Amino acid sequence: MNFDLIKLVSPLTITPYPAYHYFCSMSITQQIQESVVKSLNELYPQGFSEKDFQINQTKPEFTGDYTVVLFSLVKSLKLSPDAIGNQLGDHLIKNSPDLFTAYNIIKGFLNLEINETYWLNLLQKNYNDVCFGKQAMNGKKVMVEYSSPNTNKPLHLGHLRNNFLGWSVAEILKANGYEVLKSCIVNDRGIHICKSMIAWQLFANGATPASTQTKGDHFVGDYYVKFNDEYKKQVKELTETGMSEAEAEKNAPIMLQTQQMLQDWEAGKPEVIELWKKMNGWVYEGFDVTYKNIGSDFDRTYYESDTYLLGKDIVQTGLDKGVFFRKPDGSVWIDLTADGLDEKLVLRKDGTSVYITQDIGLAQQKYDQYQIDQSIYVIGDEQNYHMKVLKLIAQKLGVPYANDIYHLSYGMVELPTGKMKSREGTVVDADDIVAEMIATAQQHTEELGKVKDFNTEELAALYQTLGLGAMKFYLLRVDPKKKMIFNPQESIDFHGFTGPFVQYTYARIRSILRKQSPDKSAAISAGLLPLEKEILLLIEQFPAAIREAARELSPAVLANYVFNLAKTFNSLYTEHSISNAETEEKKQLRLRLAMMTANVLQSGMQLMGIRVPERM
RNA sequence: GGUCCCGUAGUUCAAUGGAUAGAAUAGAAGUUUCCUAAACUUUAGAUACAAGUUCGAUUCUUGUCGGGACUACCA
């Protein structure tokens, strides 16, 4: 058997959904809500809305599918929960017999049983719909800025979380009908860039990535490390001559050289600019390889060397408006003490701009260029203060996009031993860890020996799919806002709550469907078994999960969702045969169930940037 | 000092104020003549502490203890 490489793994990027396609029917929760509101208002005069009660999925230990929590109604109705439950339950069944078939009340909870035909119709209508759960375009435009690398060192584990998160959030927003622009701001200038340039001049003897067979970003990063080593050495030498540490740090020759180089760069000195371009070029070649490998892409890349002068004119406007004030030395500030922050510099006394100045300028430029409705910045939580300042300044300036600035603040990735520290050499390199995951995928695959007929290319694609899938899932399964621990041992596990677990479930379904697809015209069986219904309930919640993921800007919602669905399907798979089902109608039901599960798993994984394999 | 964030099984993570706090992993015990055992089943194990708000608190409020981030005329 030979499989086409293209078809072996699922596509990564989502194609825009046709405008005519959208999930038109209301979710079951919404329908229940609506029915309950209607019933309450017909039964009682008080006047109720959806906010007056809660609908939950019924806990497995009770009979029923969805549950109305009655406590919140007790006070205004002055009736016991049981009395309300009985009246409401009767009324619901009488008025919507096609939706509700039975109810029971336990300790203030009204458990409702949903008519089985609802689930069967849902399945029959959508089992082959690969767009299930996605919304039509809503005309809103969002920019998601993520990745934002420095050109003095290679990407590390923290960047991976940023990249996977930014990319996934962009796809999730697309699935919710937004037009999304992915952007990247490259920090390509400044003192830290000059550090690696100086070190290269001093120590490289003309070496290049090509001459040393090193990936460009790693090559340059090595000189950044060399700078720090040399700097430390010089500081130590100076302090040994009796100089104070602070003085030594200021006067170390290599630091003086670096500062001179920054001035030369700003003055446009040709040989400095040339070196800068050359070394950044090496870094970009390296980044391109990494980005391509991990599946990051951008619609628009901004370079700080182009934007670092932006924002000065806005500062002038702010001065005129009295938002900013000038100190006697000529520097310009904003007073944010009333907002619980400090005074913040926006323009140096020499008239040059600082970090925040260019961010103000760039925000304005993005708005002018693209008329975006929302601007999401995927940046680590160490910059919470900075982003708060940015938004505050925008608000005080009264710019129209001020309230559309949103900082998607994600937590740091830490190791079991603590924070990653470049000085202590504990930084986990992005390329290394990805390669390690792919190698682990290869090792597992070879041990299991299930795809011995694959050719070299197919194997490479599979290892990539599995290794990267495991990595992405691991970094995305945690709530982005929270810091997370990266445990190298645990991360390479391909069992349990992992990407490969979901991929495996998908592959097993595809294996069945390759041999036999559902017969479109065939009847399906009524009388759903508990596991069959459980899967349908979960599938029905997929559109809601996509919406929630967008509302929370959290791919973790999808990771949890997809895992639960896969887990439940695996139980069904073990308990009940699909191909050799009890009856032909059962078989047709389960084939549809399998197909829809596979589609939803694929969509969900795709929204996290994870491909799913046909076989593994 | 100031501002902000976080404390849930041994470990890593869940839980719009709702029922007996879920998973995964590690531990223990099982499942392969049958659709892929990267799977499934069973088992044991946790809300830092103390008050408050209420029908009900992991969730909201306050305090205590513990951990972290930020607080540059760097970017």
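In what follows, every chain begins at residue 1, and chains take the letters A, B, ... in the order their sequences are listed. Keep in mind the model is a prediction, meaning the values are calculated, not measured.
Looking at A/Tyr406 and A/Met387, their side chains never come closer than 4.5 Å, going by heavy atoms from C-beta outward.
A side-chain N or O of A/His386 and one of A/Asp359 form a donor-acceptor pair less than 3.5 Å apart. In summary, the side chains of A/Thr67 and A/Asn111 do present a donor paired with an acceptor at a separation below 3.5 Å, with no hydrogens or angles considered. No hydrogens or angles considered: nothing links the side chains of A/Tyr561 and A/Gln541 as a donor-acceptor pair under 3.5 Å. Looking at A/Glu446 and A/Gln442, their side chains do bring a donor and an acceptor atom within 3.5 Å of each other.
Heavy atoms of A/Lys481 sit nowhere under 4.0 angstrom from any nucleic acid atom. Residue A/Thr445 is classed as a base contact, given a heavy-atom separation below 4.0 Å to a base. The residue A/Asp188 sits apart from the nucleic acid: no heavy atom pair falls under 4.0 Å. Across all strands shown, A/Leu466 has heavy atoms under 4.0 Å from base atoms, whether or not it also approaches the sugar-phosphate. Nucleic acid contact for A/Phe62: base, since at least one base atom lies under 4.0 Å from a heavy atom of the residue. Heavy atoms of A/Ile191 sit under 4.0 angstrom from primed sugar atoms or phosphate atoms, though from no base atom.
Side chain of A/Asn580, nearest nucleotide from B/A19, B/C34, B/C73: B/C34. Residue A/Asp329 places its side chain closer to B/C73 than to any other of B/A19, B/C73, B/C35. When distances are taken from the side chain of A/Tyr385 to each of B/C55, B/C70, B/C4, the shortest belongs to B/C70. For A/Glu382, counting side-chain heavy atoms from C-beta on, the closest listed nucleotide (B/A69, B/C74, B/U71) is B/A69. Here the nucleotide nearest the side chain of A/Arg348, chosen from B/G18, B/C74, B/C35, is B/C74.
When the P atom of B/A69 is taken as reference, atom CE of A/Met420 falls 13 Å away, rounded to whole Å. Rounded to whole Å, atom P of B/U71 lies 14 Å from atom CG of A/Leu336. The separation between A/Asp342 atom CG and B/G1 atom P is 16 Å, rounded to whole Å. When the P atom of B/A23 is taken as reference, atom OH of A/Tyr561 falls 18 Å away, rounded to whole Å. What separates CZ of A/Phe325 from C1' of B/C73 is a distance of 14 Å, to the nearest Å. If you measure from atom CD1 of A/Ile106 to atom C1' of B/C55, you get 18 Å, rounded to the nearest angstrom. Distance A/Asp493 CG to B/A26 P: 6 Å, rounded to the nearest Å. For A/Glu343 and B/C73, the CD to C1' distance is 13 Å, given to the nearest whole Å.
For the strand RNA chain B, secondary-structure stems (runs of at least three Watson-Crick or G-U pairs, all distances below 3.5 Å) span B:1-7 with B:65-71, B:10-13 with B:22-25, B:27-31 with B:39-43, B:48-52 with B:60-64.
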| task | Please report the C-alpha distance between A/Asp329 and A/Lys327 in whole Å, then the side-chain angles of each, then the deciding distance to 0.1 Å, and finally whether the salt bridge (charged side-chain N to carboxylate O under 4.0 Å, His left out) criterion is met. | result | CA-CA 5 Å; A/Asp329 67 359; A/Lys327 286 196 176 177; over 6 Å; no

| field | Test log, rule salt bridge (charged side-chain N to carboxylate O under 4.0 Å, His left out), inputs A/Asp339 and A/Lys344 | value | CA-CA 12 Å; A/Asp339 301 281; A/Lys344 191 83 190 167; over 6 Å; no

| task | Apply the test ring pair (Phe, Tyr, Trp, His ring centres under 6.0 Å) to residues A/Trp265 and A/Tyr308: give CA-CA distance (whole Å), side-chain angles for both, the deciding distance (0.1 Å), then the verdict. | result | CA-CA 13 Å; A/Trp265 183 91; A/Tyr308 82 109; 5.6 Å; yes

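Comparing the same atom, P, in B/A37 and in B/U32 gives a spacing of 12 Å after rounding to whole Å. To the nearest whole angstrom, the two C1' atoms, one in B/A39 and one in B/A44, are 22 Å apart. Taking atom P on both nucleotides, B/A48 is separated from B/G7 by 8 Å, rounded to a whole Å. The gap from the P atom of B/C60 to that of B/G68 amounts to 23 Å, rounded to the nearest Å. A distance of about 7 Å separates the P atoms of B/A9 and B/U47, rounded to the whole Å. Nucleotides B/A15 and B/A50, compared at atom C1', are 24 Å apart to the nearest Å. Rounded to the nearest Å, the gap between the P atom of B/A19 and that of B/G1 is 40 Å. As rounded to the nearest Å, B/G52 and B/U42 have P atoms that lie 41 Å from one another.
The cationic group of A/Arg161 does not satisfy the cation-pi geometry with A/Tyr410, failing either the under 6.0 Å distance to the six-membered ring centre or the 45° limit from the ring axis.
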| Reading 5' to 3' through nucleotides 8-17 of chain B, protein heavy-atom contacts under 4.0 Å coded B for base, S for sugar-phosphate only, - for none | ----SSS-B-

| remark: B/S/- along nucleotides 39-48 of chain B (protein heavy atoms under 4.0 Å) is SSS-------

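Going from atom CD1 of A/Ile106 over to atom OG1 of A/Thr63 covers 6.0 Å, rounded to the nearest 0.5 Å. One finds the CG atom of A/Asp342 at 12.5 Å from the CD1 atom of A/Ile334 (value rounded to the nearest 0.5 Å). Rounding to the nearest 0.5 angstrom, the gap separating the OH atom in A/Tyr474 from the CZ atom in A/Phe486 is 6.0 Å.
Judged by closest nucleotide on RNA chain B, A/Met616 is the one of A/Ser331 and A/Met616 placed further toward the 5' end. Toward the 5' end of RNA chain B, the nearer of the two residues A/Phe109 and A/Ser353, judged by each one's closest nucleotide, is A/Phe109.
Environment of CD in A/Glu245: sparse, with no more than 12 heavy atoms of neighbouring residues, nucleotides or ligands closer than 6.0 Å. No more than 12 heavy atoms of other residues, nucleotides or ligands sit less than 6.0 Å from atom NZ of A/Lys250.
For A/Lys107 and B/U20, the shortest distance from a side-chain N or O to OP1 or OP2 is below 4.0 Å.
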